[in-house]
Asks: 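Sharing a structure below in structure tokens format, with a few things to ask.
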Amino acid sequence: MKVVLPDSSELELADGATGLDAARAIGPKLAEQAVLARVDGSTRDLRLPLADGEHVQFLTTRDTEDPDALYALRHSTAHLLAEAVMRLHPGVKIAIGPPIADGFYYDFEFAEPISEADLETIEEEIRREIAEGREWVREEVSREDAIARFEAEEQPYKVELARDADGDISLYTQGAFTDLCRGPHLQNAKPIKAVKLTSLAGAYWRGDERNTQLTRIYGTAFFSQADLDAHLERLEQARARDHRRLGTQLDLFHLSDHSPGSPFWHPKGMVLWNALEDLRRRENRKRGYLEVKTPLLYDIQTYITSGHYDNYRENMFFVQPHEGEEPLALKPMNCPGHMLLFGSQLRSYRDLPIRYAESSTLHRDERGGTLHGLLRVKHITQDDAHVFVTEDQIQGEIDAMIDFVNFLYERFGVTPRAELSTRPESRLGSDEQWDHAEAALEAALKRRDLEYVISPGEGTFYGPKIDLHMTDVLGRSWQMGTIQLDYQMPVQFGLTYMGPDNREHAPVVIHRALLGSLERFLGILVEHYGGAFPFWLSPVQVRVIPVGEGHREAAESLRARLDTEGYRVEVDDRDDTLGKRIRDAELEKVPFVIVYGDRESDAALAVRERGGEQSTISLDALLERFRGLAAEGDPA
RNA sequence: GCCGACGUAGCUCAGCUGGUAGAGCACUUCACUCGUAAUGAAGGGGUCCCCGGUUCGAGUCCGGGCGUCGGCUCCA
């Protein structure tokens with residue numbers, strides 16, 4: 001048989017030759033350094049046979065940044081971790097240990113709990129294994145043999161995995177350790193030049209909290225120590241952009257034990273907040289949304305009607321005004337309020353669509369351990385709206401919402417990832433309705449040519465949704481905007497409109513929050529910009545620094561002038577050196593600094609831009625520049 | 001809710017095996033009035049998260065609670 005190499009040359013091989021055979025045929029050095037075969041785009045263990053006509057490329061120990069090569073390296077390191085743990089903790093039960101982005105983990109069930117201090121010992125053991133040398137041997141066995149083997153070894157999790165596998169099973173052995181594993185793996189442990197165990201966490205078997213909680217050990221590995229160092233350096237740089245750190249540094253907000261999960265917004269943070277509110281309000285108005293305001297407190301019946309009492313009671317706040325009175329619930333979402341508002345009057349088909357918008361304070365009593373800076377809060381504010389439509393208005397409204405979303409996110413130069421979340425196990429309504437609703441959302445995504453993935457079972461109990469996701473500085477994904485199609489809640493609330501046929505019909509409602517939560521959106525924005533906001537968003541746009549005491553008056557009058565033009569300007573006339581005040585302005589990431597001394601006048605201002613670039617320009621020219629920059633946030 | 005770690009000045013952190021707290025920055029005052037990323041000196045500032053326990057004595061050890069961080073689970 002023949003396989004095709006990357007340079008299009010053909011290589012003759014015996015039938016049944018493996019990737020390693022092919023590498024050997026090319027050269028002994030390649031055979032030694034080969035880590036993986038990439039065959040027609042997907043990776044294959046070197047121990048597996050090639051087939052006639054396949055296009056083969058070899059990944060070697062020099063492909064130190066190739067994700068597939070790193071995956072194999074880390075997957076193999078995970079096996080070394082399991083071997084080390086089994087040696088140090090006899091009787092430990094092993095579960096699964098895959099490579100992940102930036103590293104790997106392995107899940108164990110320990111007889112006695114371990115702590116982070118134990119990681120060092122385990123890490124040393126792994127290094128010892130590498131120093132001793134390990135080779136991986138692959139074998140294929142029947143399902144029954146695999147089950148029997150792991151039963152004999154008293155490894156119940158492996159038995160369960162083997163039971164659930166279909167077809168034959170592959171095993172990989174290194175040293176005294178054999179694991180049930182699909183591969184691919186390294187030939188041997190030599191390429192593993194840097195290993196670090198990073199953290200310890202609880203994780204439920206198969207991701208289900210009804211199952212046993214296992215102990216997960218996270219780690220990472222690289223082809224060189226320099227790569228590991230670079231990785232740690234990147235993490236440190238990412239942490240410098242963390243919105244929690246910048247929130248304090250830039251005096252935007254703080255969190256307090258006195259009200260966990262409820263940010264205190266400082267004046268500078270409020271500038272950002274209000275910029276989002278202004279954007280939301282202005283753009284909603286252009287698109288026919290009507291701003292409303294509905295109560296914060298409702299009786300329990302409202303939430304029984306909406307279904308939230310059954311589904312989310314655990315996460316709601318209740319207040320009892322006085323002894324013996326009925327409790328009220330603090331609203332965790334706006335839907336019921338908007339349903340009641342719609343139902344307060346007789347509606348005609350001529351009124352539809354009705355688009356109620358409200359950016360109101362909501363409270364959700366999130367489970368302990370889930371709060372996270374601004375990204376997961378108890379006090380949450382959504383740029384919410386509910387659009388009541390007839391069946392044939394659905395498509396048009398959803399298309400318009402997707403366009404609206406694109407418009408909003410483009411303002412910030414960010415691109416969210418779309419997901420289509422389909423029917424969950426526990427839900428209202430018939431399968432026909434769900435088919436219909438899911439199809440409507442998917443059709444909209446396709447019409448607007450938006451890339452998306454499907455998240456099965458992740459929809460709400462009342463309908464499917466399109467979610468927009470973004471990633472924070474540590475690589476975690478967060479849901480931002482959402483568009484949800486709902487046939488249920490209007491029915492629960494008995495909502496109707498009078499149709500042209502003079503009969504009552506139930507409207508369909510589209511729930512949507514496009515930025516999502518203002519708190520979360522701001523958190524992501526702070527990280528996206530690393531605190532260096534564009535001019536139109538900057539809490540302080542210009543700082544005027546008088547050179548000496550004698551220039552304070554002129555600086556103040558320049559400030560007043562810029563203030564009149566609508567810009568956010570401060571004078572820094574502190575009794576500090578010029579260098580110090582410029583340094584502070586840079587650290588606060590103020591976009592423009594104007595140094596004002598003897599040489600300056602309206603005709604010639606000394607302007608320093610964030611980052612250090614300096615120029616001398618007239619006030620008029622500067623104002624012209626500012627007008628252009630300010631317009632980025634408010635395109636006509 | 002679960003696993004692990006942590007909680008000391010406004011911020012970032014140090015505080016060894018128990019003997020009633022310290023640095024840098026910030027703040028205040030004084031001197032300097034400065035030309036593009038830190039002027040110098042002096043000073044003020046702490047219920048060491050909370051409650052309980054052990055001890056002659058607890059920031060330090062133990063128990064409980066609250067909060068935060070990294071994960072898991074959850075997320076209308």
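Remember, it's a predicted structure, so these values are computed and weren't measured experimentally.
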Asks: Base, sugar-phosphate, or nothing for A:G307, non-hydrogen atoms under 4.0 angstrom?
Replies: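 Nothing: the residue A:G307, judged by heavy atoms under 4.0 Å, touches no strand.
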Asks: Which part of the nucleic acid does A:E600 contact within heavy-atom distance under 4.0 Å: base, sugar-phosphate only, or nothing?
Replies: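 If one applies the 4.0 Å heavy-atom cut-off, A:E600 turns out to touch a base.
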Asks: Looking only at side-chain atoms of A:V595, point me to the closest of B:rU36, B:rA76, B:rG70.
Replies: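 Looking only at heavy atoms from C-beta outward on A:V595, the closest nucleotide is B:rU36.
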Asks: Rounded to the nearest Å, what distance is computed from the NZ atom of residue A:K196 to the C1' atom of nucleotide B:rG70?
Replies: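 Computing the A:K196:NZ to B:rG70:C1' distance gives 14 Å.
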Asks: Is A:D242 salt-bridged to A:R244, cutoff N-O under 4.0 Å?
Replies: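 The answer is yes: the pair qualifies as a salt bridge.
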Asks: Would you mind classifying the nucleic acid contact of A:I114 as base, sugar-phosphate or nothing, using non-hydrogen atoms under 4.0 angstrom?
Replies: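 The residue A:I114 makes sugar-phosphate contact but no base contact.
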Asks: Please measure how far the C1' atom in B:rG43 lies from the corresponding atom in B:rU33, and state the result in whole Å.
Replies: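 So the two C1' atoms sit 23 Å from each other.
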Asks: Can you measure A:Y218 atom OH to B:rA5 atom C1' for me and round it to whole angstrom units?
Replies: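 Spelled out: OH on A:Y218 to C1' on B:rA5 is 15 Å.
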Asks: With side chains defined as the heavy atoms from C-beta onward, is the minimum distance between A:Q249 and A:K589 less than 4.5 Å?
Replies: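 No; the side chains remain at least 4.5 Å from each other.
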Asks: Starting from P on B:rC11, measure out to CZ on A:F253 and report it in whole angstrom.
Replies: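 To the nearest whole Å, that distance equals 13 Å.
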Asks: Given B:rU36, B:rG35, B:rC3, identify the nucleotide with an atom nearest to the side chain of A:Q614.
Replies: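 Closest nucleotide among those given: B:rU36.
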Asks: Can you tell me the distance, in whole Å, between the CD atom of A:Q249 and the C1' atom of B:rG10?
Replies: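 Between C1' of B:rG10 and CD of A:Q249: 14 Å.
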Asks: Determine the contact category for A:G463: base if any of its heavy atoms lies under 4.0 Å from a base atom, sugar-phosphate if only primed atoms, P, OP1 or OP2 are that close, otherwise nothing.
Replies: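 No contact at all - A:G463 keeps every heavy atom at 4.0 Å or more from the nucleic acid.
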Asks: Which part of the nucleic acid does A:T215 contact within heavy-atom distance under 4.0 Å: base, sugar-phosphate only, or nothing?
Replies: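 No contact at all - A:T215 keeps every heavy atom at 4.0 Å or more from the nucleic acid.
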Asks: What integer number of Å spans the P atoms of B:rC50 and B:rG35?
Replies: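 Rounded to whole Å, the distance is 48 Å.
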Asks: Between B:rC34 and B:rC25, how far is it from one P atom to the other, in whole Å?
Replies: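 One P to the other, the span is 25 Å.
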Asks: Does any nucleotide pair with B:rG46 by Watson-Crick or G-U wobble geometry, both distances under 3.5 Å, and what is it?
Replies: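 Check on B:rG46: unpaired, no WC or wobble geometry under 3.5 Å.
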Asks: Taking any strand in view, what nucleotide pairs with B:rC25 in a Watson-Crick or G-U wobble way, both distances under 3.5 Å?
Replies: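 Result: B:rG10.
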Asks: Applying salt bridge (charged side-chain N to carboxylate O under 4.0 Å, His left out), run through A:R543 and A:E588 and close with a yes or a no.
Replies: CA-CA 10 Å; A:R543 180 160 291 157; A:E588 289 169 49; 2.8 Å; yes
Asks: Show the numbers, then the answer: is there a salt bridge (charged side-chain N to carboxylate O under 4.0 Å, His left out) between A:D107 and A:R216?
Replies: CA-CA 4 Å; A:D107 286 347; A:R216 176 170 296 177; 2.7 Å; yes
Asks: With respect to the side chain of A:Y312, which nucleotide from B:rA5, B:rC27, B:rA76 is positioned closest?
Replies: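 Per side-chain heavy atoms of A:Y312, the pick is B:rA76.
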Asks: Is a donor-acceptor contact shorter than 3.5 angstrom present between the side chain of A:Y204 and the base of B:rG1?
Replies: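 Answer is yes: a donor-acceptor pair is held.
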Asks: P atom, B:rC49 versus B:rC16: distance in rounded Å?
Replies: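 About 14 Å, rounded to a whole number of Å.
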Asks: Base, sugar-phosphate alone, or nothing: which one does A:D208 contact when heavy atoms must sit under 4.0 Å apart?
Replies: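 Here A:D208 touches no strand at all.
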Asks: Tell me which nucleotide among B:rC75, B:rA5, B:rU33 gets nearest to the side chain of A:E549.
Replies: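 From the listed options, B:rU33 comes nearest.
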Asks: Is A:R241 paired with A:E527 through a side-chain N to carboxylate O contact shorter than 4.0 Å?
Replies: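 No.
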Asks: Of the listed nucleotides (B:rA5, B:rC75, B:rU73), which one gets closest to any side-chain atom of A:E209?
Replies: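 From the listed options, B:rU73 comes nearest.
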Asks: I want to verify a distance call: between B:rC32, B:rG70, B:rU73, whose nearest atom is closest to the A:D575 side chain?
Replies: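 Within the option list, the nearest is B:rC32.
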Asks: Hey, are A:R559 and A:E556 close enough for a salt bridge, meaning a charged N less than 4.0 Å from a carboxylate O?
Replies: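 So A:R559 pairs with A:E556 through a salt bridge.
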Asks: If pairing requires Watson-Crick or G-U wobble contacts with both distances under 3.5 Å, which nucleotide is the partner of B:rG63?
Replies: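 WC or wobble partner is B:rC51.
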Asks: Write down the distance separating the P atoms in B:rC62 and B:rU17, rounded off to the nearest Å.
Replies: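 Pairwise P distance, B:rC62 against B:rU17, rounds to 12 Å.
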Asks: Go ahead and name the base partner of B:rG18; Watson-Crick or wobble counts if both distances stay under 3.5 Å, otherwise write none.
Replies: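 With both distances under 3.5 Å required, B:rG18 matches none.
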Asks: Rounded to whole Å, how long is the line connecting atom CZ of A:R376 with atom C1' of B:rG70?
Replies: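 In whole Å, B:rG70 C1' and A:R376 CZ are 16 Å from each other.
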Asks: Nearest to the side chain of A:S115 - B:rU73, B:rU39, B:rG4?
Replies: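 Selected nucleotide: B:rG4.
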Asks: Assign A:K378 to base, sugar-phosphate, or nothing according to its heavy-atom contacts below 4.0 angstrom with the strands shown.
Replies: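 Result for A:K378 = nothing.
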Asks: What integer number of Å spans the C1' atoms of B:rA26 and B:rC13?
Replies: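 B:rA26 and B:rC13 have their C1' atoms separated by 14 Å.
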Asks: What contact category does A:H551 fall into here, base, sugar-phosphate, or nothing, at under 4.0 angstrom with non-hydrogen atoms?
Replies: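 A:H551: no heavy atom of the nucleic acid under 4.0 Å.
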Asks: Could you check whether A:N315 gets within reach of a base, just the sugar-phosphate, or nothing at all, counting any heavy atom under 4.0 Å?
Replies: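 It contacts base atoms.
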Asks: Is a donor-acceptor contact shorter than 3.5 angstrom present between the side chain of A:R313 and the base of B:rA76?
Replies: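 Result: no qualifying N/O pair found.
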Asks: Looking at every strand, decide which applies to A:Y462 at a 4.0 Å heavy-atom threshold: base, sugar-phosphate, or nothing.
Replies: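 Contact class for A:Y462: sugar-phosphate only.
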Asks: Take the protein atom CD1 of A:I582 and the nucleotide atom C1' of B:rG35, then report the distance between them rounded to whole Å.
Replies: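 After rounding, the gap between these two atoms is 7 Å.
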Asks: Taking the side chain of A:L578 as its heavy atoms from C-beta onward, which of B:rC27, B:rC34, B:rG70 lies nearest to it?
Replies: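 Selected nucleotide: B:rC34.
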Asks: Flag the pair A:Y567 / A:F535 as yes when their ring centroid distance falls below 6.0 Å, and as no otherwise.
Replies: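 Yes; A:F535 has its ring centre under 6.0 Å from that of A:Y567.
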Asks: Name the residue closer to the 5' end of RNA chain B, choosing between A:D576 and A:E586 according to the nucleotide with the nearest heavy atom.
Replies: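 Comparing both residues, the 5'-ward one is A:D576.
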Asks: With both distances under 3.5 angstrom, what nucleotide forms a Watson-Crick or G-U wobble pair with B:rC32?
Replies: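 When the pairing criteria are applied, nothing turns out to pair with B:rC32, so the answer is none.
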Asks: Just the rounded figure in Å: distance from C1' of B:rG71 to CH2 of A:W478.
Replies: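 Atom CH2 in A:W478 sits about 12 Å away from atom C1' in B:rG71.
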Asks: When the P atoms of B:rC56 and B:rG10 are compared, how many Å lie between them, rounded to an integer?
Replies: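 Pairwise P distance, B:rG10 against B:rC56, rounds to 34 Å.
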Asks: By nearest heavy atom, map A:T577 and A:S256 onto RNA chain B; which one lands nearer the 5' end?
Replies: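 The residue mapped nearer the 5' terminus is A:T577.
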Asks: Partner lookup for B:rC75, please. Criteria are Watson-Crick or G-U wobble with both distances under 3.5 angstrom; report none if nothing qualifies.
Replies: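 Check on B:rC75: unpaired, no WC or wobble geometry under 3.5 Å.
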Asks: Does A:R367 come within less than 4.0 Å of A:E314, counting only side-chain N to carboxylate O?
Replies: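 Between A:E314 and A:R367 there is no salt bridge, as every charged N stays at least 4.0 Å from the carboxylate O atoms.
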Asks: Using a cut-off of 4.0 Å on non-hydrogen atoms, how would the nucleic acid contact of A:R552 be classed: base, sugar-phosphate, or nothing?
Replies: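 The residue A:R552 makes no contact with any strand.
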Asks: Are OP1 or OP2 of B:rG35 and a side-chain N or O of A:R608 less than 4.0 angstrom apart?
Replies: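 No, outside the criterion.
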Asks: So A:A606, base contact, sugar-phosphate only, or nothing? Heavy-atom distance under 4.0 Å.
Replies: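 Base contact.
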Asks: Looking at A:R423 and A:E438, is any side-chain nitrogen of the basic one under 4.0 Å from a carboxylate oxygen of the acidic one?
Replies: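 Looking at A:E438 and A:R423, the cut-off is met.
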Asks: With a non-hydrogen cut-off below 4.0 angstrom, is A:P260 in contact with a base, only sugar-phosphate, or nothing?
Replies: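 Sugar-phosphate: the residue A:P260, judged by heavy atoms under 4.0 Å, touches backbone atoms but no base.
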Asks: For A:F317 and B:rA76, give me the distance from atom CZ to atom P, rounded to whole Å.
Replies: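 Nearest whole value for this atom pair: 17 Å.
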Asks: Under a 3.5 Å cut-off for both contacts, is B:rA58 paired Watson-Crick or G-U wobble with anything, and if yes, with which nucleotide?
Replies: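 B:rA58 is paired with nothing.
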Asks: Which part of the nucleic acid, if any, lies within reach of A:A203 when heavy atoms closer than 4.0 Å are counted: base, sugar-phosphate only, or nothing?
Replies: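 Sugar-phosphate, backbone atoms only, no base.
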Asks: The test is salt bridge (charged side-chain N to carboxylate O under 4.0 Å, His left out); show your working for A:R512 and A:E397 and say whether it passes.
Replies: CA-CA 11 Å; A:R512 51 116 282 198; A:E397 282 300 314; over 6 Å; no
